[in-house]
Amino acid sequence: MGEEIKAYAAAAPADKRVHVFQELANDAFRATRSNWVALRHDIPLSEGGGTIFYGKKGEAAVFNKQGDMFKARLTQESGHFKVLEFNENGTVKQAVPYYNKLQDRKLSKD
């Protein structure tokens with residue numbers, strides 16, 4: 001289901017992608033009775049801005065402030081993030097992506 005949501009959101013206009021992804025993620029959460037989850041982490045503007053949605057298996061959809069959408073792995077080993085810290089419960093405390101390293105993983109086409 002996650003791949004379908006990413007594909008649909010990537011096709012949306014740039015200024016609507018985060019909203020479209022959030023709505024589809026909410027629908028999937030309800031439809032699967034909480035079995036499919038995409039948690040949201042907003043990146044502060046001081047760190048470049050953007051939004052990250054991530055699930056239980058480390059896959060992430062990363063949006064920059066222009067609305068470009070990238071696929072990333074939410075791990076230190078991936079090299080996709082210059083800062084990546086987690087809270088004790090496993091949620092993201094702080095994440096700052098290397099947008100330049102994600103260019104070859106761009107999902108949106110504009």
Out of curiosity, does F81 fall in the hydrophobic cluster containing V96 (side-chain heavy atoms, cut-off under 4.5 Å, transitive links)? no

Taking a hydrophobic cluster as the set of Ile, Leu, Val, Met, Phe, Trp and Tyr residues connected by side-chain heavy atoms closer than 4.5 Å, whether directly or through intermediates, do V83 and Y99 fall within one such cluster? no

For the student: nearest non-hydrogen atoms of [X] and [Y], plus distance:
| X | Y | answer |
| --- | --- | --- |
| A28 | W36 | CB-CE3, 3.5 Å |
| A10 | L107 | CB-O, 3.6 Å |
| F21 | A38 | CE2-CB, 4.1 Å |

Min side-chain heavy-atom separation V62-Y54 under 4.5 Å: no

Would you mind reporting whether F53 and Q22 have side-chain heavy atoms less than 4.5 Å apart? yes

Separation between [atom1] of [X] and [atom2] of [Y], rounded to the nearest 0.5 Å:
| X | Y | atom1 | atom2 | result |
| --- | --- | --- | --- | --- |
| K82 | L84 | NZ | CG | 13.0 Å |
| K57 | R73 | NZ | CZ | 10.0 Å |
| I43 | F63 | CD1 | CZ | 11.0 Å |
| K93 | E85 | NZ | CD | 5.5 Å |

Side chains of Q66 and D68 only: does a donor on one sit below 3.5 Å from an acceptor on the other? no

Give me the one residue out of Q103, H80, K101 that meets side-chain contact (heavy atoms from CB on, under 4.5 Å) with F70. Q103

Is a side-chain N or O of S108 found less than 3.5 angstrom from the main chain of M69, in a donor-acceptor match? yes

Would a distance-only check, ignoring hydrogens and angles, find a side-chain to backbone donor-acceptor pair under 3.5 Å from T91 to N87? no

Within a radius of less than 6.0 Å around CZ of R30, do more than 12 heavy atoms belonging to other residues, nucleotides or ligands occur? yes

Under the criterion side-chain contact (heavy atoms from CB on, under 4.5 Å), I'd like the reasoning laid out for K56 against V37: C-alpha separation, chi angles, the key distance, then a yes or no. CA-CA 7 Å; K56 299 173 187 174; V37 172; 4.2 Å; yes

Would L74 and V92 satisfy side-chain contact (heavy atoms from CB on, under 4.5 Å), going step by step from the backbone distance to the final call? CA-CA 9 Å; L74 204 60; V92 171; 3.6 Å; yes

Is R40 paired with D42 through a side-chain N to carboxylate O contact shorter than 4.0 Å? yes

